Trainee: 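Below is a structure I'd like to ask you about.
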Number of protein chains: 2
Amino acid sequence: MLGPVFKFGGTSLGSVERIEHVANLCLKLKPSAVVVSAMSGETNRLVAMANEISTKNDVPEYDMLVASGEQVSVSLLSLALRKRGIEPAPMLAPTAGILTDSQFSKASILKVKGDAIQAAIAKGHLPIIAGFQGVTEDGRLTSLGRGGSDTSAVAIAAGIGAKECIIYTDVDGVFTTDPRICPDARIIRSIHYEEMLEMASQGSKVLHIRSVQLAAKWGIRLVVRNSFSNDEGTEMSTKDTPIEGEVVSGVAATQNEAWIQAGATKNPQFHLASVFSELAEKKINVDIITQSYEDAGTKINFTVAENDAPLAIETLKTRFPQSPLSFRNDVAKISIVGVGMRTHAGVAARMFQVLAAQNIEILLVTTSEIKVGCLIPREKLKQAVQVLHKEFLSLRL
Amino acid sequence: MLGPVFKFGGTSLGSVERIEHVANLCLKLKPSAVVVSAMSGETNRLVAMANEISTKNDVPEYDMLVASGEQVSVSLLSLALRKRGIEPAPMLAPTAGILTDSQFSKASILKVKGDAIQAAIAKGHLPIIAGFQGVTEDGRLTSLGRGGSDTSAVAIAAGIGAKECIIYTDVDGVFTTDPRICPDARIIRSIHYEEMLEMASQGSKVLHIRSVQLAAKWGIRLVVRNSFSNDEGTEMSTKDTPIEGEVVSGVAATQNEAWIQAGATKNPQFHLASVFSELAEKKINVDIITQSYEDAGTKINFTVAENDAPLAIETLKTRFPQSPLSFRNDVAKISIVGVGMRTHAGVAARMFQVLAAQNIEILLVTTSEIKVGCLIPREKLKQAVQVLHKEFLSLRL
């Protein structure tokens with residue numbers, strides 16, 4: 001059976017010394033193929049130069065530019081492996097057969113033709129493959145957008161028939177909550193794919209979200225591990241509620257939220273569709289949405305990223321000059337996530353009680369099958385994370 | 001008819017500001033295609049990282065690494081052109097069809113398949129092509145070795161049927177001698193290809209020597225011009241002696257020479273073949289060679305680069321322990337170059353007279369059809385350049 005595909009992120013490859021360390025790991029752990037990001041800081045350096053000239057990034061030359069960062073990592077790691085007696089097969093996207101659509105700067109992988117990679121493995125070589133990049137059918141380089149190397153790694157694992165993909169990064173794994181906010185935070189050893197999706201989109205930025213979706217879809221065992229420690233890391237799985245009673249797997253927090261309340265108004269043009277298509281046109285992402293009907297008319301509450309708030313407000317003022325509008329940007333979102341919630345009633349109620357006991361006001365609520373999220377005043381966020389972590393995640397001895 | 005191919009060197013592309021300047025030049029002068037080097041300093045940065053890991057450079061990953069520098073230049077110049085309303089066709093070696101052998105780090109161009117470049121031109125796009133790189137038949141990136149972008153540009157001009165190739169650099173052209181040594185030095189407006197080869201190999205490092213050979217072979221008009229000034233530059237031509245009486249076109253000087261004298265000895269193993277095959281095995285390049293037979297036996301004089309001298313001496317001591325050996329490394333070579341010499345007798349004699357009149361000792365002499373070179377004490381080099389420049393190159397009013 002084919003061994004795992006390893007993926008090393010930018011911090012793991014951030015210097016020549018670290019690249020030598022990664023080469024040692026490969027020598028010891030014998031992956032079947034290795035996918036690499038650009039050295040940390042490199043993509044930022046390239047993008048900064050591009051932006052000095054033009055902020056246009058949906059053009060082939062932008063993708064050609066940023067793809068050069070991974071090319072450097074592939075080359076340097078290959079040199080380090082050859083020095084250790086491993087014959088590397090350095091590969092960029094065209095050789096590795098990573099086909100994408102032609103949405104420059106945010107391309108999607110259509111297919112990984114695994115034959116060149118498999119042929120190299122069959123010869124006893126170690127394929128070292130540029131992440132983050134792809135190639136269009138007519139031979140132009142593309143890039144997958146930030147964090148895309150995780151997705152490359154999972155797609156390559158699927159393309160060559162590997163069952164496991166290990167993402168090496170600079171943290172020990174996925175934590176039950178942000179350790180900077182809550183000292184009790186601990187590593188989740190096994191997390192359900194869907195929980196991971198909720199955790200990722202809620203601000204736990206360990207893995208690129210598309211890679212998690214793809215791993216689930218293709219049945220790849222996905223592991224996050226620290227390249228600088230011996231911790232076993234976090235494994236994504238499809239098993240519901242691994243440990244009896246652990247209903248909640250993690251507490252996710254996002255700080256930079258703004259809350260906007262539009263209406264109430266009886267203007268017939270003011271409704272969910274009209275409001276959010278206006279915002280979508282301005283490319284403003286909306287998170288929580290609630291709607292209510294009051295005597296005064298329709299009222300819509302929603303949250304956006306704090307730096308999008310001024311544009312959102314201006315947009316609504318222009319489109320609906322007569323409608324009342326209020327907002328606050330000193331808010332934060334806290335969520336509890338866990339596949340166990342599906343079968344455990346009352347988890348949401350317990351969350352509300354814990355927050356109420358601390359006098360933490362809940363401004364908005366959003367729920368999914370495996371998540372309950374609350375918008376709260378930002379100054380209470382740290383306190384909320386700690387009490388919810390204690391309630392749902394303190395280790396039972 | 002197809003317009004000229006432009007080539008911009010690293011200093012011409014050394015910052016975002018300079019790239020914008022190059023884009024303006026292209027907008028104004030309308031080349032049919034543009035070939036670029038890496039931004040100045042970039043190749044050195046990449047090679048330094050590689051050398052920290054391994055000094056092995058005849059491997060695919062080394063070429064993949066250094067090729068990334070040109071990829072960045074292609075991308076940034078393309079962005080700057082698009083901003084100006086020119087549709088760029090950014091191309092790396094595989095797309096541009098620059099086929100080489102697989103001698104990694106010093107590959108030779110076998111062929112430029114011009115069809116992709118021509119197709120882009122036919123659509124009204126401006127091909128921006130990575131210099132210095134090529135691709136093997138089996139799709140691996142190669143690099144041509146230092147200065148190879150000049151060669152790329154000429155080969156591309158030939159491959160697409162352009163008649164002219166303009167090399168933009170940071171000097172106004174080829175000078176009659178080094179202006180730092182001789183204030184009277186002036187730009188040669190038209191220089192014969194063969195003179196250029198002699199000038200180039202003698203230390204006038206304006207153009208990569210292979211590019212000059214290829215331009216001569218393929219009949220491409222080659223021009224060197226400064227991207228930062230409006231000077232018309234230097235044109236290479238096949239016309240002998242452009243101006244009546246200008247027998248000598250330039251004075252070339254090389255400082256870092258060492259002179260080695262081996263023998264005399266009657267050892268039958270000591271002869272030109274045995275001495276220079278020993279040195280060739282150690283990869284020591286030899287420049288001037290003379291041989292004489294004296295009563296004491298065979299004597300061989302030769303010059304090498306100063307930093308190769310210790311190895312050359314050690315090699316000869318080991319191989320011919322009985323043979324006398326002497327050397328001095330405080331020497332320099334001065335040459336006068338000109339196609340006019342072919343038909344003008346007495347040029348060498350005039351050179352010797354001028355040096356003798358200044359009491360400059362001539363240690364060795366080397367001649368070709370269009371060159372006379374003398375090895376002289378290094379401390380006399382500046383004086384020698386000035387008097388020879390005055391003798392052969394002062395402007396006649």
Side-chain angles (χ1 to χ4, degrees), chain A residues 13 15-17 19-20 23 38-39 42 45-84 87-92 94-97 116 125 128 130 135 138-141 143, chain B residues 13 15-17 19-20 23 38-39 42 45-84 87-92 94-97 116 125 128 130 135 138-141 143:
Chain A
L13 300 161
S15 65
V16 165
E17 200 187 350
I19 288 170
E20 302 266 21
M39 296 170 78
E42 185 59 13
R45 185 182 76 90
L46 294 167
V47 170
M49 284 198 292
N51 285 345
E52 273 190 71
I53 295 171
S54 163
T55 52
K56 202 160 173 56
N57 66 3
D58 55 348
V59 290
E61 57 267 27
Y62 178 88
D63 289 39
M64 184 185 277
L65 177 73
V66 293
S68 71
E70 279 68 26
Q71 184 168 332
V72 169
S73 304
V74 166
S75 308
L76 293 176
L77 180 57
S78 295
L79 280 170
L81 287 165
R82 192 185 294 279
K83 191 169 72 172
R84 287 162 173 78
E87 176 81 24
M91 292 184 183
L92 306 178
T95 307
H125 301 171
I128 310 298
V135 64
D138 60 347
R140 291 186 291 178
L141 284 175
S143 68
Chain B
L13 301 160
S15 65
V16 166
E17 198 187 351
I19 289 170
E20 302 266 21
M39 295 171 80
E42 185 61 11
R45 185 181 77 89
L46 295 168
V47 170
M49 284 196 293
N51 285 342
E52 272 189 72
I53 295 171
S54 163
T55 52
K56 200 158 174 59
N57 67 5
D58 55 348
V59 290
E61 57 266 28
Y62 179 88
D63 288 41
M64 185 186 275
L65 177 73
V66 293
S68 71
E70 279 68 26
Q71 185 167 334
V72 170
S73 304
V74 166
S75 308
L76 293 175
L77 180 57
S78 295
L79 280 168
L81 287 165
R82 191 183 297 277
K83 190 169 72 172
R84 286 163 176 79
E87 175 82 23
M91 292 186 184
L92 306 178
T95 307
H125 302 172
I128 310 298
V135 66
D138 61 346
R140 292 184 292 177
L141 283 176
S143 70

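The structure displayed is predicted, hence computed values, not measured ones. Sequence lines set the chain letters: A, B, ... in the order given, protein chains first and strands last, and positions in each chain run from 1. The figures that follow rest on heavy atoms only: side chains count, while hydrogens, waters and symmetry mates do not.
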Trainee: Which bit of A:K83 comes within less than 4.5 Å of chain B, counting heavy atoms only: side chain, backbone, both or neither?
Mentor: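 A:K83 touches chain B through side-chain heavy atoms alone.
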Trainee: Please list every donor-acceptor pair under 3.5 Å in which a side-chain atom of residues 59-69 of chain B meets a protein atom from a residue at least two apart or in another chain.
Mentor:
from  : atom 1 : to     : atom 2 : distance (Å)
B:E61 : OE1    : A:R82  : NH2    : 2.9
B:E61 : OE2    : A:R82  : NE     : 2.6
B:E61 : OE2    : A:R82  : NH2    : 3.3
B:D63 : OD1    : B:S105 : N      : 2.8
B:D63 : OD2    : B:S105 : N      : 2.7
B:D63 : OD2    : B:S143 : N      : 2.5
B:D63 : OD2    : B:S143 : OG     : 3.2
B:S68 : OG     : B:L65  : O      : 2.7

Trainee: Let's test your reading of the structure: which of A:G139, A:S73, A:S75 forms the most heavy-atom pairs below 4.5 Å with chain B?
Mentor: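 Most heavy-atom pairs within the cutoff with chain B belong to A:S75.
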Trainee: Checking heavy atoms, do the side chain of A:P88, its backbone, both or neither come under 4.5 Å from chain B?
Mentor: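 For A:P88, the contact with chain B is made by the side chain alone.
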Trainee: Tell me, please, which residues at least two apart from A:R45 pass salt bridge (Lys or Arg N to Asp or Glu O under 4.0 Å).
Mentor: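 Applying salt bridge (Lys or Arg N to Asp or Glu O under 4.0 Å) to A:R45 gives A:E42, B:E42.
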Trainee: Under 4.5 Å heavy-atom distance to chain B, tell me which part of A:I128 shows up: side chain, backbone, both or neither.
Mentor: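 Contact with chain B: none, neither part.
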Trainee: Side chain, backbone, both or neither: which part of A:L92 has an atom under 4.5 Å from a heavy atom of chain B?
Mentor: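 Both parts, backbone and side chain.
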Trainee: How far does CE of A:M49 sit from CE of B:M39, to the nearest 0.5 angstrom?
Mentor: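 The distance works out to 5.0 Å.
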Trainee: Can you tell me which of A:S54, A:S15, A:A50, A:A89 forms the most heavy-atom pairs within a distance under 4.5 Å of chain B?
Mentor: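 Among A:S54, A:S15, A:A50, A:A89, the one with the most close pairs to chain B is A:A50.
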Trainee: How long is the span from the CD1 atom in B:I53 to the CD atom in A:E20, to the nearest 0.5 Å?
Mentor: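 With rounding to 0.5 Å, CD1 (B:I53) is 5.5 Å from CD (A:E20).
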